[in-house]
Each structure stands twice: as structure tokens, then as C-alpha cells.
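Below is one structure, written out as C-alpha cells; comments come after it.
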Amino acid sequence: MIPDDLSSDRPAAPDGQSAAVTGAEAAVRMLQAHGVRHIFGLCGDTSLPFYDALARLDHGIDHVLTRDERSAAYMADAYARVTGRVGVCEGPSGGGATYILPGVIEANESSVALLSITSDIPVTARGRYSLTELDQRALFAPLTKWNSVVDHVSQIPHIFRTAFRAATTGRPGTAHIGLPYDLQKQHLSAADIWADPRHASFPAYRTGPDSELIAAAADVILAAKRPAFICGGGVILSGACNLLAELAELLDAPVASTVSGHGAIADDHPLAVGVVGANGGTDETRAVIAAADCVIFVGCRAGSTTTEHGSVPSRTTPIVHIDIDPMVVSGNYRVEAGVVGDALLCLSALRIEIEMRLAGARRHNGAAEQVARLKAQKRAAFDRLARSSERPIRPERVLAALQAALPSDAIIVADPGTPCPYFSGHFQFSGSGRRFITNRAHGALGFALPASVGAQIGAPDRKVVAVMGDGSFGFAVGELETIVRQGLPITMIVFSNASFGWIKASQKEGYGGRYFSVDFTRTDHARIAEAYGVKAWTVDDPEALDSIMRKAIAHDGPTLIDVIAQPLEESAVPVSKWMG
């Protein structure tokens, strides 16, 4: 059916079969047909027809103007993670296309379904030294799951359908469409505008496992006396959290997670170990995996951070690896059994197979008791530091204050540096699912502030908190205006220690404390936030932290707390090995 606003005063399509629409209108209608509700982006000359179509047509899509294209991609990424729908970001040609890339790469490597649309110079201007000309097809090709630049107006509907299909099927990832300026103004038949509704969200068209591989995995797992799981973001993306808990209970097997997999199981579950690895792992969580006589990786790549550069689990531990991407399975570890497929379907099939073999019984090997003992040791060490009245304020004290003030369904969006390892290692989420968002694929600074916008728009009824270092704050400060303009009640916490802390800690650990070009002048982040219209506090007294945290969380608008914090290189951060 052709909407009324596309059927009046329109030229006939070349084939005479239907009313015609412009390329820009077709792009908007294809987004509408795929259920898109929000677009994050920044205006530019070559995007004018697209923006005009968004302004004129009745489509139900809210465009969120950002202050930087990279921010637009980070917003779309976090939006996709909390909604399960495809995140959409857009920007203009030239600099817009290059600026948007960091967020597109992050989403792709994190298996998040995202569509990036960049307008482009006219097709007729290619190779004529036009302002902002660059080869978008070549630029995005190695950095996305799927990529195309439109060459003819009639291709637009097909290219949009392909982009959504690519982003949402198999391993979710990013798609890019280059949309030339002149094609946005040309006409095509409205009859070509249609979409498969399954491609509006991910995972679409799940891939099931081979039954023989499931049987082989069950053989390895049941031969072990102390199996343990390490689960990544794929468990959350596939909605397999409940199945994971049921299978773990059946086997009495501890469940650890990667940083991106934090939330695969509720932290208060008796079998939940917490985050393992070099970033967020502790001696206690490490001990659980070291004691396992079989490790089951689910929905993760078993990369260097998670496995502490391939040392935990050891190379002699029997491994079962389950992932949607066949290139991931046995990529880093020799496996006794590998299963390729969607985590939800794989865990479901594995549970059925194991239930059948156990004939309704449940294993009990004391795993819950072991986990409880180690978690109590870990928590006691944290609590001692969290009660500290030292100045500068310890990060543990900040986490404890935030934990006490937050509602149970809150979402934490964390930058690298101080926030990521601390919140991965010590923050407790009482439920499973997408509760923690961080950019672990590439770890670029400046993620949390804009990503919190996407998370809050995607989950308007939940409290969203963005935690960042002062280095990260400087990358994305302009998006404070976006937060205020959108009226988003996000609480931002800045760990202010006047340095790029991760690098400084690496220089201390690996280069004898020869600090070079990592320190900068302390900024009054609260005054900057107030200038944008954000209610803000500076805290240097740990005794005042709890009260201010409660006020910030309860406030009905955006808030920021600038915490004069202990330098990362002097802290007890749960990092076992710095890159240095």
C-alpha cells in the first residue's frame, strides 16, 4: 500500500505501474518499513534531500541531532543493545563518513546490529575533485559486515533490505549504505518499497546447531567432574540468559562472564562467578576457572582479555566452544567439541541432551558452595576499601555509593580506563540481561557519555548512569547539550584524576614509572556541566558522597558528579596485566 503523502502530485514511475517517490523518500520509507523509531545523526550538505524527506513525511521516526558523528554511532550502538532493534546512525559525506567510523567499527566487533547511512557526493561528480569526495565503498568495506554505495536510484529499496538482512542474521554486525546526493532527488517506483519484518530486530532467522555436535559437546561436559562456563555478549544478544542458568543448575557448574557478557547470569545467582580475565577478573574468579576440568565458552571469542592471554583456562583444559561464528570456534583454543549456532538454540539443544542422559537427575559437586566462599572473600576485600575515608576518593567508595542509590533495573554505561575494570569486577547486578554496556572491542575513550543517550532513549523507563574518566569526558563533552536538549535524566559520574590513567598505570607497571605525556590539567567538570544546564556537584570528601549520589540519582533531569578520585595507577583496580 502506498501512503497518501506519496501518491499525490507525484510523477508516474517509468514503468507506469505505480506512483514514484524520490530516492530520499524511499530511504525514509525503507527505514519506516523496517520498524525504525529513532535515528541518531548530524546534518550536512549532501544529506539535505534526506533531511527534507524526514521533515515532510509522516513516518513516526524521531531524529536525534548529535554534536559529533562518532557520538551518533555510539548512541545507535547502545540503543540497539538495550532494544534488540537495529540501531541507525547517519552523517554527511567526507569528514562525516570518517568521523562516524569509530562507532561503526565498535558495534561490528561487538556483534551489534547497526546501520550507518552516509550521504555522498553526486554520482555525476565522482572523480572530478568534488569537495568531500572519498571512496566510501573502500573505506567501509573492511570495517563492516556488509557495505554498499548506491549507484542508481532504483537500487535503494533493495540495498536497504540487504543492509537490514546482513545486520540481523548470522552473527549480528554493522551495515553501511552510501547515499549519493543526486540519487536522493531522482525518482523510482513506490511499489519497490517493502521489508521483511523479521529483519527489524536481531537475531533474525536463528541458526540451529548440528545434533551430532551437540552430542559430542555433551560427551565432553558429562565426562568432567568440575565443568565451568565462560559466557560472552552472545548469550545476552540471543536472549539465552534463562537457559544458561537452567543448564548451569542442571550441571552444578559455575558461570563466569567476559566483560561484554556481564549480565549473562544475575550476579546474585549462587553459581555466578562474575567477570573473569585481565580486565575485571580477580584472584577469586581466576581460581574458579583454574579449578575447572572442562570450560564451556558460549557466545564469546575466548580472546586475550578474557583468557589472560591464553593462560586461564590452561591449554590442557578440555574446551567446548559454542558460537554463532564458525571462525571463532577453536580460533584461540584447541577444542574437544565445537558447536556453531545461535546461543539460545544451542543451549536449548544441549540442555535437552544432558537432561535425557541424566534421566531427570541433577548433578551436585559443591560448586555453589565453592563459589559462595570465593565471592565472600572477594566482597570482603572490596568492602574494606569501599569504607575508606582516604582522599582522593577511592573508586571502591564511589561504586558502593552508587550501588546503594540505584534502582535494581538500572543500566550502567562505562568507558574504558577506571570505570570498565572496576564496574566489571565489583558492581553487582541483581538481574540478568543487558544491564552493563561498555565498548570492549576497541576500547576507545569518549564512549559512555554519548552511548548513555542511546541507552536512555531505548529504555526510557529505566535509570541510566554513564561512568567515565576525565580523559573520556574531554572526548565527548559536546553531547551534554544533546542530553539537555533531549531532556534525558541521565546521571554522569566522572572519575577525575587529571591523567589518562590506563596508560599511566601501564607506564608504571611496564616502564619503571617513567611517565610521559599522560597528565593534563584538572578540569572543573561540574562547572562545565552547569554551563550546559546540567545539575552538577564536585565531591572531594568521601563522607559527602552517599548523600550527593542519592540526590543525583533522584533528580528528574540530567546530573553530573565530578569525583576527585584516586589515580588509577595507585588504586586496587582489578587488572591482572597492563598492556605495558
Completion exercise
Hits for ring pair (Phe, Tyr, Trp, His ring centres under 6.0 Å) against F297, two or more places apart or cross-chain, chain-then-number order -> H321, Y333
Fill in the blank from the handout: Residue pairs meeting salt bridge (Lys or Arg N to Asp or Glu O under 4.0 Å), one or both in residues 99-113, sequence neighbours left out, come to E109-R301
Problem - Salt-bridge contact D546-R550 (side-chain N to carboxylate O under 4.0 Å) - result: no
Problem - Contacts of H199 that satisfy side-chain hydrogen bond (donor to acceptor under 3.5 Å, both in side chains) - sequence neighbours left out - result: none
Handout entry: Any donor-acceptor pair under 3.5 Å from S571 side chain to L568 backbone
Key = yes
Practice task
Not counting sequence neighbours, list each pair that qualifies as a salt bridge (Lys or Arg N to Asp or Glu O under 4.0 Å) and has a residue in residues 459-474.
Solution key: none
Exercise for the section: Taking R206 for its side chain and L345 for its backbone only, find out whether a donor-acceptor pair lies under 3.5 Å. Expected result: no
Practice task
Without swapping roles, check the side chain of T46 against the backbone of S93 for a donor-acceptor pair under 3.5 Å.
Solution key: yes
Handout entry: Those residues that, when tested against T174, pass side chain to side chain contact (heavy atoms under 4.5 Å, CB included) (two or more places apart)
Key = V104, A107, N108, L114, T144
Handout entry: Charged N-O contact under 4.0 Å between R56 and E25
Key = yes
Exercise for the section: Assess R198 against Y205: is NZ or CZ under 6.0 Å from the centre of the six-membered ring, and within 45 degrees of the ring's axis? Expected result: yes
Exercise for the section: Determine whether the side chains of T306 and T258 contain a donor N or O and an acceptor N or O closer than 3.5 Å. Expected result: no
Handout entry: Side chain H525, main chain T523, donor-acceptor under 3.5 Å
Key = yes
Practice task
Go through the steps for F475 and F447 under the test ring pair (Phe, Tyr, Trp, His ring centres under 6.0 Å), then give the verdict.
Solution key: CA-CA 8 Å; F475 273 71; F447 173 83; over 10 Å; no
Exercise for the section: Go through the structure and list residues passing side chain to side chain contact (heavy atoms under 4.5 Å, CB included) with L42, not counting sequence neighbours. Expected result: L65, T66, E69
Problem - With R435 via salt bridge (Lys or Arg N to Asp or Glu O under 4.0 Å) - residues at least two apart - result: none
Problem - Residues forming a side chain to side chain contact (heavy atoms under 4.5 Å, CB included) with T207, sequence neighbours excluded - result: I324
Handout entry: Y99: ring pair (Phe, Tyr, Trp, His ring centres under 6.0 Å) partners, not counting sequence neighbours
Key = none
Completion exercise
Residue set satisfying ring pair (Phe, Tyr, Trp, His ring centres under 6.0 Å) with H176, at least two apart, ordered chain then number -> F140
Exercise for the section: Determine the interplanar angle of the H34 and F164 rings, folded into 0 to 90°, and report it as parallel if under 30°, tilted if 30 to 60°, perpendicular if over 60°. Expected result: parallel
Exercise for the section: Please say whether more than 12 non-hydrogen atoms of neighbouring residues, nucleotides or ligands are located less than 6.0 Å from NE2 in H442. Expected result: yes
Practice task
Determine yes or no for a side-chain-to-main-chain donor-acceptor pair under 3.5 angstrom, with T285 supplying the side chain and G281 the backbone.
Solution key: no
Practice task
Could you tell me whether a side-chain N or O of N439 sits under 3.5 Å from a main-chain N or O of A444, the two making a donor and an acceptor?
Solution key: yes
Practice task
May I ask you to check whether over 12 heavy atoms, not counting those of D45, lie within 6.0 Å of atom CG?
Solution key: no
Completion exercise
Contacts of E481 meeting salt bridge (Lys or Arg N to Asp or Glu O under 4.0 Å) (sequence neighbours excluded), chain-then-number -> R67, R485
Exercise for the section: Kindly write out the residues that satisfy ring pair (Phe, Tyr, Trp, His ring centres under 6.0 Å) with F40, not counting sequence neighbours, or none if the list is empty. Expected result: Y79
Handout entry: Pair F427 + H262: ring centers closer than 6.0 Å
Key = no
